[in-house]
Amino acid sequence: MKLKWIGFGFIVQGLIEFLITNYSCKSLCFNCSFEQLKPCFFLLIFVGIIFIVIGISIMSLNTQKLPEVKLVKKKGDNRAS
C-alpha cells in the first residue's frame, strides 16, 4: 500500500516538474533563445519524464508474500558438530 502512495508521489512530482519547465527555464537561462534550443528546457522535461516513469514502475510492483520454509533438524544428525 505504501508503494502505491510513493509511486503516486513520484508521478505528481514529475507532472509538476513537467508543467513548470518553461517558467523555470526562463528564470535559469536569461540568454537562451530559440536558436540555442534552450538546453535547460530539454533537461527539465527529461527530469519530469524520468519522475513519471519511476512512479509508474513503483506503482506496478506487486508485493507477494513468499512461502514460509520451516527447517526441521533430525535428532540423530550430528554431522555439523
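Counting begins at 1 with the first residue of the sequence. Bear in mind that the values here come from a model prediction, so they are computed numbers and not experimental data.
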Do any side-chain atoms of residues 13-20 form donor-acceptor pairs under 3.5 angstrom with protein atoms, and if so which ones, sequence neighbours left out?
none

Please tabulate, for side-chain N and O atoms in residues 46-58, each donor-acceptor pair with protein atoms closer than 3.5 Å (sequence neighbours left out).
| from | atom 1 | to | atom 2 | distance (Å) |
| --- | --- | --- | --- | --- |
| Ser57 | OG | Val53 | O | 3.3 |
| Ser57 | OG | Ile54 | O | 2.8 |

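Taking CE of Met59 as the reference point, atom CD1 of Ile6 lies at 11.5 Å (rounded to 0.5 Å).
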